[in-house]
Structure formats: structure tokens, C-alpha cells
Amino acid sequence: MSSNQDVAAALEEMARLMELLGEDSFRSGAHSRAARAVEGLSDDITALARDKSKLTAIEGIGPKLADKIMELCSTGAIKDLIDLRTKVPAGLLEIMQVPGLGSKTVRLMWQAGITDIPGLKKAIDDGSLLNLPRMGAKAVAKIKESLAFAAQAGQRTWLGKAAPIADIFAAHLRQLPGVERVEPAGSLRRGRDTIGDIDILVALKDQDTATMAAHAAAVAKAFCTVPGIVQVIAQGEGKCSVRYSLAAGFGRWKPAPDPEVAASTAVIESSGSGSGGASGGSGASGGSGGPSIQVDLRILPNASFGSALMYFTGSKEHNVHLRERALAMNYTLSEWGLFPLNKKIDIPPQQRGVKPIASATEEQVFAALGFPWIPPEAREDRGELDESAPWNLIEVADIKSELHAHTTASDGNLTILELAEEAKKRGFHTIAVTDHSQSSSIANGLKPDRLRRHIDAIRAANDQIKGITILAGSEVDILADGSLDYKDELLALLDIVVASPHAALSQDPATATKRLLKAITHPLVHILGHPTGRLILRRPGTSPDMAELFAAANEHNTALEINAHWMRLDLRDIHVRAAVQAGCTIAINCDDHERSDFDNLRYGVMTARRGWLRAEQCVNTWAVKELHAWLKAKR
DNA sequence: GCCGTTTTCGGCCCGACTGTTTTCAGTCG
């Protein structure tokens, strides 16, 4: 059995190997595109692979690639991939991970006898690398510097950790003269659960050319000297790239109170700051190899802001399709704007002073191409260009309740009233107190008698406070066999039950499906909390049959949670999309343990928007009456 | 290797930066 990730990895490896062998770039590109298509599927590829026509129905997968996917799913291997591996030394793929080295250069190295990273280092040291074509002292120095980052190139970090770093850069640039707008773009703006690099777009006030050039230079300089930068990769007039120390960005970031999270993240923190003292003015010493993230800057005139923001937001595949659509309409689209196509002239239109058809706002550019404005979170080339109706996706402002929160009774650090006051401050009409159940002993889970007293305390607090309803609830453990951690008589006393898996997260898919189905179909359960139990970049969680879960959730009127903590975001985007299509009800909860956890809501909402969720399908947007009626229906 | 509101064959997005070059190839997003 192969997961979607396995299939995508195999296809991507084939693409890389073909590049190294110098094969047709469109052919390797097709493999690469297919890999991303598989990665973005919410359906299990193994199931689809039983029927070839279902595979070829996926855009980017034709008959040949369908055969290879079916071969991998049924035999566990692809013969063509094995053949490719025998032709290319394995170390070359590692060399290609070095930032700035692509297939053409690595191929030249291979021809010169360099086949792995140690060989490359040796060729740098003995000077033989200089003998390669187009390889001078500067290029070698750059490779030497980049080698330190080879291991972490391609590594990603959490959305909730990248966003504060983007804020640091944006705040730094926003105050500069001549700057009209600063906008983080890229995967951050699309709300992906992990971020590869941070993209910042700066729009300059439209003035005379000389003034704008001076302002651009000042912005570029300011960008490349932000404290915490460990390497300047490129610095031009309109475009810069740097690597920023992740350790230096830890200032605002605290380990999550969730003990399992705290334990795992503590490791990262200590390894991050271990080399050269704590954060602060580390400067551009470079090359220490500590955790770092690439930050890219693009500077453009404000008149191009819309098209530039579209270009810089991506995704790459979305952009490619959009540009193809432009060509079909006899236009050409770039970050400079949408222009009439003129194939006879080689010079780009913006350099000839051609007036764009649209460029100032995203709405204008989309409209000129015949689309409604597409939310950034939906720009993943997952069918968004086939939609013609306005989007109207859920927004943070739509959220009116929080239905999963902890207090000092278990592992939170707020009292019932403090929690309720904070929720009220955020404009919510309802907050549910859902402390851990007895089996979560590490989180100080409540034994039945403590829960009974806790319910009384919650009722008392609810009588005391005005302007918000406090619900008595529990985040009850779903035990390994699917049974719940309290007896039904006790659960029936609660206003709301969130059932979540916390242990036995390595179960096989069939067992996990059975376990979660039991919780979903339990008559007293309202919400299935963080369904797979994954921790992003830490552990995969279980892989239940989602289609089965969604069908059962629909039938039993059980909501499925998007846990908004940036370490979880579970359900994940593609699951949300499938759940929305299946008609499921979704909950978006912050799983609050402290005040600042309420701020994670934006990540949960972004994940919801990536699944094309509209407000009405989310319980947290419902008015008091509607929400409470839904809760009571299970009592 | 995929795909089709001009095509079932002949295309396949667009521009910036770098380092090496006497005009451009490679890489990246």
C-alpha cells in the first residue's frame, strides 16, 4: 500500500533523475506536475489506482503515468524508477539540494567525476571545481557558503512560526520613505500549513523614475540588513533573497502548553540556539548551519500592485494556468500586468511603455481574465479556475463561538471566568469549557468526581458572568478501541462533548477508522476533535478512511473539528475540502490553553478557506439559538 | 509525457538576478 505522499515522492524522484540525465525537460516536468497533483488529492491514491480511468481523469495524469502509479500501488515499485536509479549516482540528488545548484550544473559536475557531497567539497578544496565551464571564483565561493544550508533546503517550518517573522520584515520596511504597501505573499498568504520560504512584496509610491529607483535601493538595503539575517543570497534593485535565522525569530514564540508539543519543540529550540549564543545581533556571520528560512523580497511600482501580488502569491501551478488562460485570450500576464499579446516583438510590454489592460488590483486582473476574485487560500490549482460564482468563503469575523478550551482544572492556565472574559473580549457569544478526561493523566485529566464538581463550578461561573454563555463540556479521550473515557451517564450531564484521539496514534488505517467511527456515531458526541492526531512536521497521526468518516458524520449530525493550533491544523486542508463536498458540518476551534491561543484562529480559518468552507457550514458561525439547538438535539 | 474555444501534432508562463560572458546560460519562484 502506498500513500499519496509515497507516490508523489516516487514521481518527483523520477523527474529529478530525468533532469540529471538530460532528458526532455517537458517530460520530466510532466512527472513533476503529476507528483504535485497526487499530493493535493484528498482521495486515497491506492483506491483510485484500482480504476485507470479515475487516474487519467486527474489533470496532468495521462495513460503512461497512470500505468506507473498503478504499478507502484500494486507492486510497491516502478520499474522505470529502478532503472533510472541504476543510471544516476544517488549522491547527485543530494548535491541538487544545495541552493543555487540545478540539474545542468550538477550534470557537469557528474561528468567531471563528482558524484556526492564529499566529492564536491574535495573539488572545492583542491580547486578542481574551477575547471568546470562557467565556474569562477565567485560561483565556487557561493556554493561553499550554500553547502551549509543544503541539509535544510527544502525543509519547511510551521505557518504559525513563519507568520511572525514576516511581520518583523513587514514592520521594518513599512516605515521607509516612498513605500506605499508591504504585503506578505506566497504560501504564507495562501495559508499552507507549512512554509518553505517567506515572500514579501513592497509596492512603491508612483513617482518620477529617479526617486523611485532611490527608494527601491533603500528598501533593498534595509531588507538585507534586518538583524537575524545569516546570508544574503541575492541583492538586486527589484529583488532580494536572504536567509534568516529561525533561532532569532523565536523571541515571540513560546512552546505550546500542550505537553506532547512542548516536549517535541523544546528539542528544536535548544538545537537552534546552541551554536553561537542566544538570539539578538548575530549579524551576517553565515554558514553556521543553524535553522534558517529563506526570505524573498520583490519591489514593484504601486501601479502594478495587483498583478504583482497575484504573481507573488502563486501557487506556481495556479500562476502557470492563469498565464496560459491569458495567452488563449491573446494576452500576456506577468507581475507587471496583463498586456495585449504581440508575438512579433521580443521586448516585454512593460519595457516598451505599453499600457496594461489591468494591473492595479487583483480584482481588475481576475475580472479581465473572466474570473471572480479568487481567495488566496484557493489558489492551488485544485479546480479554482473552473469556478465562476463568487467565492464568499468563511472569514475570521464570522466566528462567534469557541467550543474547545481548557482551564486550570486540567492543563490550561486560565480560570473559567478568565477564559470566558477573554472569549467575550473576542466578540464570542459562547465559550465551551472542555477540559481533558481522566486517561489524559499527563494533562491532569479529570476523574469523574472532579468533573462533577467542575460542572458545578462552570454553572456557577455562567450565572456570574453576563454577555456570554459558558457551556460545561469535556474533551473526552477516544480510547484505542473507540470507547469514550467517561460513562454515558456522566457525558449526558454535559452541554457539549468534544471527542478526541490522544494516544495510540500509530494505529493502522482500518483500526483507526473503526475507532473514530465509534466516536462519531456515539449519540452524545457533538464534535470529533483533531481527527487524525497529527502534529505538523512531528508525527503523521493516523490515516483513517476519510470518506467513511464523512458519511457517518453526516448521518449522525456530528461536526468535524479543524483544530486551529498551528502545530495541528487537523483536519488538514484537503480533508476539509472533501468534508465540505460531502456536506459535513465543520467546527473551527482554538483548543485554548492560554490567552494567546485565541490568536491561532486565523490559521484555522485559513485552513478552512483552503477547503472552500463557507460560513453557514461551520457551527462556530451560528447564532446562539441555532448553536444551542444543535447541541440540545444530542441530549 | 500531457493536452486541445484555432491544434490528435506541436506546442508546453514569464521575468529577475548572478556570474560568466562579449551576448547568455542557469537557477529560481
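What's counted below: heavy atoms across the whole structure, side chains too, no hydrogens, waters or symmetry copies. The shown structure was predicted, so the numbers you read here are calculated from the model rather than taken from an experiment. We name chains A, B, ... by the order of the sequence lines, and we start the count at 1 in each one.
- If you check the side chains of A:Arg189 and A:Thr313, you find a donor sitting under 3.5 Å from an acceptor.
- Taking every side-chain heavy atom of A:Leu327 into account, B:dC14 is the closest of B:dC14, B:dA25, B:dC17.
- At a threshold of 4.0 angstrom between heavy atoms, the contacts of A:Ala137 are confined to the sugar-phosphate backbone, with no base atom among them.
- When the side-chain nitrogen and oxygen atoms of A:Thr332 are compared with OP1 and OP2 of B:dC14, one or more of them lie within a distance under 4.0 Å.
- Look at the C1' atom in both B:dT8 and B:dC3: the space between them is 9 Å, to the nearest Å.
- Separating the CD atom of A:Glu19 from the P atom of B:dC28 is a distance of 10 Å, rounded to the nearest angstrom.
- When the C1' atom is used for both B:dT5 and B:dG1, the distance is 24 Å, rounded to whole Å.
- Heavy atoms of A:Leu322 sit nowhere under 4.0 angstrom from any nucleic acid atom.
- OP1 or OP2 of B:dG1 sits under 4.0 Å from a side-chain N or O of A:Arg27.
- Counting only heavy atoms from C-beta on, A:Leu65 has its side chain closest to B:dG1 among B:dT18, B:dC28, B:dG1.
- No side-chain N or O of A:His318 forms a donor-acceptor pair with one of A:Asp381 less than 3.5 Å apart.
- Within the 4.0 Å cut-off from OP1 or OP2 of B:dG15, not a single side-chain nitrogen or oxygen of A:Gln351 is found.
- Within 4.0 Å (heavy atoms only), A:Asp24 reaches at least one base atom of the nucleic acid.
- Comparing B:dA25 with B:dT20, their C1' atoms are spaced 9 Å from each other, to the whole Å.
- Following rounding to the nearest Å, A:Phe26 (CZ) and B:dC12 (C1') show an atom-to-atom distance of 5 Å.
- Which of B:dG26, B:dC14, B:dG15 sits closest to the side chain of A:Arg323 comes down to B:dC14.
- Of the residues listed (A:Arg609, A:Arg610, A:Arg190), the one engaging A:Asp573 in a side chain to side chain donor-acceptor pair (under 3.5 Å) is A:Arg610, and it is the only one.
- When the P atom of B:dC14 is taken as reference, atom CD of A:Glu324 falls 9 Å away, rounded to whole Å.
- Look at the P atom in both B:dT23 and B:dC28: the space between them is 26 Å, to the nearest Å.
- The side chain of A:Ala30 approaches B:dC2 more closely than any other nucleotide in the set B:dC14, B:dT20, B:dC2.
- Classification of A:Lys68 and A:Asp80 as a salt-bridged pair holds, one side-chain N sitting under 4.0 Å from a carboxylate O.
- Remark: ring of A:Tyr311 does not overlap the six-membered base ring of B:dC14 in a stacked fashion, as centroids less than 5.5 Å apart with planes less than 30° apart are not both met.
- We find that CG of A:Leu385 is positioned 16 Å from C1' of B:dT5, with the value rounded to whole Å.
- The side chain of A:Thr105 contributes an N or O atom lying less than 4.0 Å from OP1 or OP2 of B:dT27.
- Counting only heavy atoms from C-beta on, A:Lys239 has its side chain closest to B:dG15 among B:dG15, B:dG1, B:dT18.
- In this structure, the CE atom of A:Met135 is 16 Å from the P atom of B:dA25, given to the nearest Å.
- B:dT21 sits 13 Å from B:dG26 when the C1' atoms are compared, rounded to a whole Å.
- B:dT27 atom P lies 13 Å from atom NZ of A:Lys316, rounded to whole Å.
- Nearer the 5' end of DNA chain B, as judged by each residue's closest nucleotide, is the contact made by A:Ala66, out of A:Pro133 and A:Ala66.
- One atom, NE2 of A:His321, and another, P of B:dC12, lie 14 Å apart when rounded to the nearest Å.
- Residue A:Glu59 places its side chain closer to B:dC3 than to any other of B:dC13, B:dC3, B:dC14.
- Across all strands, A:Pro348 comes closer than 4.0 Å only to sugar-phosphate atoms, never to a base (heavy-atom distances).
- Remark: C1' of B:dG29 and CG of A:Asp381 are 16 Å apart, rounded to the nearest angstrom.
- Dashed line: the shortest gap from a side-chain N or O of A:Lys104 to OP1 or OP2 of B:dG26 is under 4.0 Å.
- Contact annotation for A:Ser28: no contact, since no heavy-atom pair falls under 4.0 Å across all strands.
- Comparing B:dC2 with B:dT6, their P atoms sit 23 Å apart, to the nearest whole Å.
- The partner of B:dT8, taking Watson-Crick or G-U wobble pairs whose two distances both stay under 3.5 Å, does not exist in any strand shown.
- Shown here for A:Phe371 and A:Leu385, the closest heavy-atom pair between the two residues is CE2-O, 3.2 Å.
- A:Lys138 comes within 4.0 angstrom of the backbone, heavy atoms only, and of no base.
- Distance check on atom P: B:dC13 versus B:dT22 gives 29 Å, rounded to whole Å.
- Using a 3.5 Å distance cut-off with no hydrogens or angles, the side chains of A:Asp83 and A:Thr86 do not pair a donor with an acceptor.
- Heavy atoms of A:Gln294 sit under 4.0 angstrom from primed sugar atoms or phosphate atoms, though from no base atom.
- The nucleotide whose nearest atom lies closest to any side-chain atom of A:Arg298 is, among B:dG1, B:dG19, B:dG15, B:dG15.
- When the nearest nucleotides of DNA chain B are assigned to A:Ser334 and A:Val106 by heavy-atom distance, the more 5′-ward of the two goes with A:Ser334.
- If you check the side chains of A:Glu19 and A:His31, you find no donor sitting under 3.5 Å from an acceptor.
- Between A:Lys68 and B:dG1, a side-chain N or O to OP1/OP2 separation shorter than 4.0 Å is present.
- A salt bridge does not link A:Lys142 to A:Glu145: none of the charged nitrogens lies less than 4.0 Å from a carboxylate oxygen.
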